[in-house]
Amino acid sequence: MSPHPIAETVASLMPKAKAELTELVAFKSVADFEQYPRSESEAAANWVADALRTEGFQDVALLDTPDGTQSVYGFLPGPEGAPTVLLYAHYDVQPPLDEAGWATPPFELTERDGRWFGRGSADCKGGIVMHLLALRALKANGGVPVHIKVIAEGSEEQGTGGLERYAEEHTDLLRADTIVVGDAGNFRVGLPTVTATLRGMTLVRVQIDTLEGNLHSGQFGGAAPDALGALVRVLDSLRAEDGSTTVDGLDSDGVWEGLQYSEADFRRDAKVLDGVGLIGEGSVADRIWARPAVTVLGIDCPPVVGATPSVQASARALISLRVPPGVDAAAATKLLRAHLESRTPWGARVSTEQIGQGQAFRADTTSPAYEAMSGALSEAYDGEKMQAAGMGGSIPLCNTLAALYPEAEILLIGLNEPEAQIHAVNESVSPQELERMSVAEALFLQRYAKS
């Protein structure tokens with residue numbers, strides 16, 4: 001049987017897709033302007049805006065969101081009476097972490113071992129290219145059958161809520177019948193998957209102070225209260241002996257009923273070192289999709305190189321807490337802050353500050369849009385049946401859109417399968433996944449227009 005014309009068109013566009021992703025990855029669009037210049041993010045935003053204009057989008061605009069970043073919006077009209085579909089992705093990226101750990105420069109798209117490596121290649125600049133490929137394939141095969149809105153966020157990775165607040169202040173802008181969030185991914189390369197749930201998250205900074213200044217550890221150590229030692233005690237209190245998250249008052253016994261994740265597969269995907277055990281109890285799916293998970297993201301203290309024999313007067317840490325659907329992120333934040341404050345030893349002074357927050361999300365997988373996506377994914381993946389999985393990460397905008405547009409159907413797809421190693425060194429995207437997911441999105445839009 002000959003390939004679907006949509007698939008043939010997307011295949012022919014892949015060299016252009018690689019060239020565009022190369023350009024996008026080159027922008028160091030980390031939305032932390034203390035680390036990277038604002039001009040890098042602005043240049044990436046302008047690239048997306050120009051790409052939309054080239055594809056015939058109207059009302060293309062750079063939206064100045066309340067967190068000081070820009071989101072890119074555009075509208076492509078379809079046939080009269082057709083439904084409206086909002087396509088979402090984000091152009092901001094995580095910092096590259098240890099650049100020395102990258103096999104190739106993080107901001108240069110590099111092909112190796114059948115994959116394209118570079119920061120943002122999968123998360124989520126690849127998602128922007130996926131949307132463009134799908135729309136181009138439709139235009140070459142009878143036209144785009146629905147009204148299309150595109151929104152490309154500029155600070156998703158920071159969790160600062162700029163686009164959420166903008167949407168709440170401009171409620172008609174992103175209104176749509178169906179929303180396709182291109183920031184998830186297949187459970188495994190070649191296994192078409194929609195994401196049914198997202199964990200919410202909160203970021204809290206904790207600071208502990210014990211002395212007016214650092215002291216000589218020989219002269220004062222043993223009686224002088226060590227702020228770093230106090231912080232270590234507090235952070236340790238966030239985990240049980242088996243590594244399970246233990247925040248006072250927060251339930252941590254959720255169970256995942258859907259697609260399961262074997263420990264062997266998880267160890268391989270997470271690249272766990274030989275002999276090192278997994279943490280927590282219950283199934284892997286329980287632990288990463290249905291239960292809270294705390295992570296210490298960073299600690300401010302003297303580095304080993306150059307450290308002096310001193311009792312530390314102050315120390316602080318940044319803590320992430322992922323919360324499953326059914327748990328209110330604001331309530332979890334209060335519990336986390338109360339835990340940190342109550343567990344601080346020795347009467348040390350402690351302060352906590354919420355840095356970011358996003359609610360968990362649960363999709364309705366019985367909706368007509370999901371039926372259309374199921375058929376489209378199966379066709380794009382040679383008859384492979386669509387699976388529904390959870391995702392441990394957070395996309396705070398999903399809950400905002402669900403609240404603003406309760407009648408809208410929200411689907412989560414994308415390129416962030418395990419081999420992509422998003423947020424880590426050597427992030428990459430599978431060009432085969434990019435090609436097939438672009439085909440699937442185009443076929444979905446055709447099927448949805450007829451539903």
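Rounded to the nearest 0.5 Å, atoms CH2 (Trp47) and NZ (Lys125) are 10.0 Å apart. Atom CG of Leu173 sits about 5.0 Å away from atom OH of Tyr73, to the nearest 0.5 Å. Leu412 CG to Asp183 CG: the interatomic distance, rounded to the nearest 0.5 Å, is 8.5 Å. Taking CD of Glu441 as the reference point, atom CD1 of Ile6 lies at 11.5 Å (rounded to 0.5 Å). The CG atom of Leu235 sits 11.5 Å away from atom OG1 of Thr295, with the distance rounded to the nearest 0.5 Å. Taken from CD in Glu164 to SG in Cys398, the straight-line distance is 9.5 Å, to the nearest 0.5 Å.
Judged by distance alone, with hydrogens and angles left aside, the side-chain atoms of Asp209 form no donor-acceptor pair with the main-chain N or O of Ser314 at under 3.5 Å. Side-chain atoms of Arg239 come within 3.5 Å of backbone atoms of Val294 as a donor-acceptor pair (strictly under, hydrogens ignored). A distance-only check finds a donor-acceptor pair linking the side chain of Asn46 to the backbone of Glu42 [under 3.5 Å]. Proximity of a side-chain donor or acceptor of Thr22 to a complementary backbone N or O of Lys18 within less than 3.5 Å is detected. Remark: side-chain polar atoms of Arg175 are not paired, donor with acceptor, to backbone N or O of Tyr405 under 3.5 angstrom. Formation of a donor-acceptor pair under 3.5 Å by the Arg316 side chain with backbone atoms of Gln207 is not found in this model. Side-chain N or O atoms of Ser428 include none that pairs as donor or acceptor with a backbone N or O of Trp116 at under 3.5 Å. In this structure, the side chain of His147 does not engage the main chain of Leu76 through any donor-acceptor pair within 3.5 Å. A donor-acceptor contact shorter than 3.5 Å is absent between the side chain of Asp251 and the backbone of Asp253. Side-chain N or O atoms of Arg119 include none that pairs as donor or acceptor with a backbone N or O of Glu427 at under 3.5 Å.
Across Asp248 and Ser342, no two heavy atoms sit closer than the pair OD2-OG, 4.2 Å. In terms of heavy atoms, Phe117 sits closest to Ser121 at C-OG, 4.4 Å. Of all heavy-atom pairs between Pro431 and Gly114, the closest is CD-O, 3.3 Å. Shortest non-hydrogen contact noted between Tyr91 and Ala45 is OH-CB, 3.5 Å. Gln58 approaches Pro77 most closely through the heavy-atom pair NE2-CG, 3.5 Å. Taking each heavy atom of Ala329 and Gly358 in turn, the nearest pair found is CB-O, 3.4 Å.
A 4.5 Å side-chain heavy-atom check between Glu156 and Cys124 finds every atom pair outside the cut-off. Residues Leu132 and Arg136 meet the side-chain proximity criterion, which asks for heavy atoms closer than 4.5 Å. Between Arg115 and Val189 the shortest side-chain heavy-atom distance falls below 4.5 Å. At least one side-chain heavy atom of Leu135 sits less than 4.5 Å from a side-chain heavy atom of Phe57. Under the 4.5 Å side-chain criterion, counting only non-hydrogen atoms from C-beta, Ile151 is in contact with Leu63. Within the 4.5 Å cutoff, side-chain heavy atoms of Pro106 are placed close to those of Glu99. The closest side-chain heavy-atom distance from Phe187 to Gln387 is not below 4.5 Å. Counting heavy atoms from C-beta outward, Ile148 and Leu445 have side chains that approach closer than 4.5 Å.
Atom CD of Glu169 has more than 12 neighbouring heavy atoms from other residues, nucleotides or ligands inside a 6.0 Å radius. In the displayed structure, Lys149 atom NZ is contacted under 6.0 Å by more than 12 heavy atoms of other residues, nucleotides or ligands. Surrounding CZ of Arg165 are more than 12 heavy atoms belonging to other residues, nucleotides or ligands, all under 6.0 Å away.
In the model, Ser71 has no side-chain atom that pairs as donor or acceptor with a side-chain atom of Tyr166 under 3.5 Å. A donor-acceptor contact closer than 3.5 angstrom is absent between the side chains of Thr202 and Gln354. Side-chain atoms of Thr110 and Glu108 include no donor-acceptor pair closer than 3.5 Å. Side-chain contact check for Ser367 and Glu409: at least one donor-acceptor pair (N or O, by modelled atom type) lies under 3.5 Å. With hydrogens and angles left out, the side-chain atoms of Asp92 and Ser29 include no donor and acceptor closer than 3.5 Å. Asn186 and Glu433 are linked by a side-chain donor-acceptor pair at a separation below 3.5 angstrom, with hydrogens and angles left out of the test.
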>> Determine whether Thr195 and Val181 satisfy the following criterion, side chain to side chain contact (heavy atoms under 4.5 Å, CB included), listing intermediate values before the conclusion.
In response: CA-CA 10 Å; Thr195 297; Val181 176; over 6 Å; no
> Please walk me through it: do Leu336 and Leu238 pass side chain to side chain contact (heavy atoms under 4.5 Å, CB included)?
Replying inline: CA-CA 9 Å; Leu336 175 60; Leu238 292 168; 3.9 Å; yes
>> Show, in sequence, the C-alpha distance, side-chain angles and deciding distance for Val234 and Val350, and conclude whether the side chain to side chain contact (heavy atoms under 4.5 Å, CB included) test is met.
In response: CA-CA 10 Å; Val234 172; Val350 57; over 6 Å; no
> Could you go step by step and tell me if Leu434 and Met14 meet the side chain to side chain contact (heavy atoms under 4.5 Å, CB included) rule?
Replying inline: CA-CA 9 Å; Leu434 174 58; Met14 287 304 293; 4.0 Å; yes
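Under the 30°/60° scheme for interplanar angles, the aromatic rings of Tyr448 and Phe444 are found to lie parallel.
Between Asp269 and Arg188 there is a salt bridge, with a side-chain nitrogen of the basic residue lying less than 4.0 Å from a carboxylate oxygen of the acidic one.
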